[in-house]
Structures are given as C-alpha cells and as structure tokens.
Amino acid sequence: MRIAVQLEPFDTGAELSGFQAGCAGGETRGETGAVVTFSGVVRNSASGDLAAMEIEHYPGMTEGAIAKFAAEASARWLLTDCLVIHRHGRLTPGETIMMVATAAPHRADAFAAAEFLMDYLKSRAPFWKKEITASGAEWVAAKDSDEAALDRWREEG
Amino acid sequence: MRIAVQLEPFDTGAELSGFQAGCAGGETRGETGAVVTFSGVVRNSASGDLAAMEIEHYPGMTEGAIAKFAAEASARWLLTDCLVIHRHGRLTPGETIMMVATAAPHRADAFAAAEFLMDYLKSRAPFWKKEITASGAEWVAAKDSDEAALDRWREEG
Amino acid sequence: MIEVLYFAWVRERIGLPRERIETGAATVADLMAELSAREPRYAAAFADPSSLRVALDQELADFDAPLAGVREVAFFPPMTGG
Amino acid sequence: MIEVLYFAWVRERIGLPRERIETGAATVADLMAELSAREPRYAAAFADPSSLRVALDQELADFDAPLAGVREVAFFPPMTGG
C-alpha cells in the first residue's frame, strides 16, 4: 500500500505499471486477477476560461485520513494492494490531480474499493479546490451528490 | 474509441498514458475529468500449479460484439472516450489478459461504463478460457455470478 | 449450404473448428437434431442445450431462431472473457 | 493554549492560516462563540456553521465536542478533494 500527497506532477501510466509489477512480485504474488484505477483530471470550465486550479490541503491530517480510508477498504473487500496519489498546489487544465489504484483477486472487489476510496477522498479528505479564471478566483463548492454518494457505503457497514 | 483483439502482450501503463493523452488532445479536449481503467490479470490456481491459460475467440464476432458494447455504453453514459484491448492465445500467470479504459466528465459515468463493459466482456463477448495445469487442461466454466452481474444493467435500460 | 463453426469444448467434441453443411433445417434446433442423428460426436456435443450458446451470422440467437438466409452458424459454451 | 488552524475561505476570511489561542472554552461551539465575540472577522467566518467542518487533533468532530485535552483545532469548509 502506498499513499502520496505531493506537489509534483506524476505519470499515471508509470504508476499503473509499477503498481501491477508490485502486485506480481509481492507477497500476494499470483493472487491478483483485477486491477482498477481512477485518475482525476482538471477539467476546463464550461466557458473554457479556467487558467488554473489551486488545491490546498491539511498536511498531517490528509495522510492520516487517506490511510484510514485505505485500511477501511482493505477490511471491507479482499484486496491484494492499493495506491493513492493526490497532488496539491497549482494545476492547469488537463493535468492529473490524483489517482487511486486497487488490486484484488476478483473484479467486484477492485471496483467497489476504488469507488469507495474515491467517494471518501472527495468528501472526507481535507482538500479544497479553488478555480482561477479570468474573472477571478472562487472556491469550489462541495456537491450534494458527492455527499449522497457516501450513503451507499454506510448501508453496507 | 479503440478496440483491439490481439495475440501480442501490451503494456497497461503505456496504454493508460496514451489514452489520457488522446483525451487531452482530441475533440473532447478539456472535457475529461475522470478516467477509469480495469486490467484483467491471469491469476494462479489455488494450488499454484497453473502453467498457462489459453484463450480462444471467434474472430469477426469478437470485434463486432465489443464495438456494440462500447456503443451501448456511450449511449447510456456521457463519455469522452473508451478503449478495449483483449488478448487471445497462450498467457502465463501474472500476464495481463485485457484492459478497459473509460473517460468522462464525471466519475460516476466513467465507473459505471467500465463496469458495464467488463460485465458484457465477461459473459457476452465470444472468448473462452482454458486452464493448463500439471494435471491436464480444463475449460473454465462460466460463473453464475457473472451472468447475474448483467441484471443490474437490464433494470436501468 | 451453411457454414457451421464450433468453439472451445464444442469444437473439441466435434473434432473440427468449422465445416460446410448441406441442410434443409428450418431452425437451429432442427439443425442440432439433424446433426445429432448423423453421428454420435454431434449428439455428444449437443446433448445439453443449456450448456450451449448459438450465434447466427455472429449475433447471439435462440435455439428456435429460423435459419432462412443465415450464412454462418456458430455453437459454443457460455463465454468466459474478461 | 490551543493551536487553531484555518483552511480555504475560512483562512481567507480570518486572514491567517494558524494561531495559538488562550481559551477556557469547553466545546468547539464555545470557542467559535468566544472568537466571534472578539472580532468581526471570526464572526464572519463562523456565521453559518452548516458551511463549516471542524477537526480536533486531525479527526473530524462535531461542534459540541469537548476541547479538553485537544491540542489542535482546525476549521474549514466541506472538503472538495478527488
């Protein structure tokens, strides 16, 4: 399991290759049948005028919160490995914000764990996004749909 | 959209990088916010004696069936791109069998489309797997759970 | 004349991947019955239709589907891709 | 003495990212009331608790949570990661 909160850009392809190689060579060697990744990318605004996105976070709490979500995912589903990388700082449209990868013997577990991690990262990890456009800077509001997405995991608990 | 049915091994990381670059530069430039990938890997048997997996397919029908699933996914969810690569022939444990990638403005669509494509690839694309072990060769039986997984898409239709 | 294809264990039981068959069968089920009556290897392959799937011109079909106009019939077990 | 941290627009309204505060407040809500009474910038930041979240020693908490033994309190808007 690897968790990274970083300023630096990263290459999702290289991360996926490394993650799969880790699954193939580690102590769960031979047990991985399914690998799911999610990559979050800075979308442009509807009017196409997004200059940048600035991501602020709470150093210390961020890493702890993500580790807790990953531990919870590992307790709920049979996983062989998982990975979370999340950037902070200034990003431009098209750049990768973050990535989650999950590995499991079976695909249902890998998909569920990746979606669970994404839902918690969206609404429970201390990150805040600010959009910088020609007309100014604005904090992104939390979406009701993201909060609602968490409900499906509570029902199963 | 790219569909490949091939004998040759491929690199999931390189495919993900290329897929994201395609989303960033294509006609849906700036619209992709979420990219999901699924990679299927040859698991070893419980006793660890799997020598190889042989995958047979129905040339012609395979490509047509996958194109149909991809078109159906694009009709159901707002996607900016999708990719399906599936190998046939002889594979050894740890090798990547297949990969699906979906890109969308929002994560729920990317996840749903990837799961939909996987469920249809499992049970409706003409591939058949045979496991070769020290004790002989055996065709893999279809799982009831894979057939049942298709039901969730029918209800939404 | 119709092109008939077999895959996976159906191919192994029948002993060949494809053949051209002269038939007047009206439906897939009729074709299966006709072949099963011809030789035991077909009867063995088609014994349990619930373990078989059929495609007509590369589209999944039912056993009672008509063969009129069909050029290619394929028999195979439930798929196990992904 | 308690370490108080502010993030995103809470930080911007209060005008600094962190400060050490001498307080006898028993709960988070008490601390918010105390600070709001001190200066308008706190009152502005804490005006609508439904748009705020709080963490005590880096764990999410409720506004009625006690501050006894807590070293670090953080105020921020609902998170928007991922």
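So that the names make sense, note that chain A is the first sequence line, chain B the second, and so on, each numbered from 1. All heavy atoms count here, side chains included; hydrogens, waters and symmetry mates do not. Quick caveat: nothing in here was measured; it's all calculated off a predicted structure.
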Say you draw a straight line from [atom1] of [X] to [atom2] of [Y]; how long is it, rounded to the nearest 0.5 Å?
| X | Y | atom1 | atom2 | answer |
| --- | --- | --- | --- | --- |
| B:Asn44 | B:Thr92 | CG | OG1 | 10.0 Å |
| A:Met98 | A:Thr12 | CE | OG1 | 11.5 Å |
| A:Ser39 | B:Leu16 | OG | CG | 5.0 Å |
| A:Thr32 | A:Phe19 | OG1 | CZ | 7.5 Å |

Item to check | Pairs of heavy atoms under 4.5 Å with chain B: top-ranked of A:Val41, A:Asp11, A:Ile97, A:Thr37 | outcome: A:Thr37
Item to check | Heavy-atom pairs under 4.5 Å with chain A, option from B:Pro105, B:Ala46, B:Ala110, B:Pro93 with the top count | outcome: B:Pro105
Without placing hydrogens or testing angles, list every side-chain donor-acceptor pair under 3.5 Å for residues 1-8 of chain A, not counting sequence neighbours.
| unit_1 | atom_1 | unit_2 | atom_2 | d |
| --- | --- | --- | --- | --- |
| A:Arg2 | NH2 | A:Glu15 | OE1 | 2.6 |
| A:Arg2 | NH2 | A:Glu15 | OE2 | 3.3 |
| A:Gln6 | NE2 | A:Glu8 | O | 2.9 |

Item to check | B:Thr80 side chain to B:Ala103 backbone, donor-acceptor under 3.5 Å | outcome: yes
Checklist entry - Taking A:Thr28 for the side chain and A:Glu31 for the main chain, is one N or O donor matched with an acceptor at less than 3.5 Å? => result no
Checklist entry - Is the ring centre of A:His86 less than 6.0 Å from the ring centre of A:Phe127? => result yes
Item to check | Interchain contact, A:Ala34 with chain B, by part (heavy-atom threshold 4.5 Å) | outcome: both
Checklist outcome for this item: If one checks every heavy atom of B:Thr96 against chain A at 4.5 Å, the contacting part turns out to be side chain
Next on the checklist: Report which part of B:Gln20 has an atom under 4.5 Å of a heavy atom belonging to chain A: side chain, backbone, both, or neither.
Outcome noted: side chain
Checklist entry - Residue by residue, which of residues 51-70 of chain B have a heavy atom closer than 4.5 Å to a heavy atom belonging to chain A? => result none
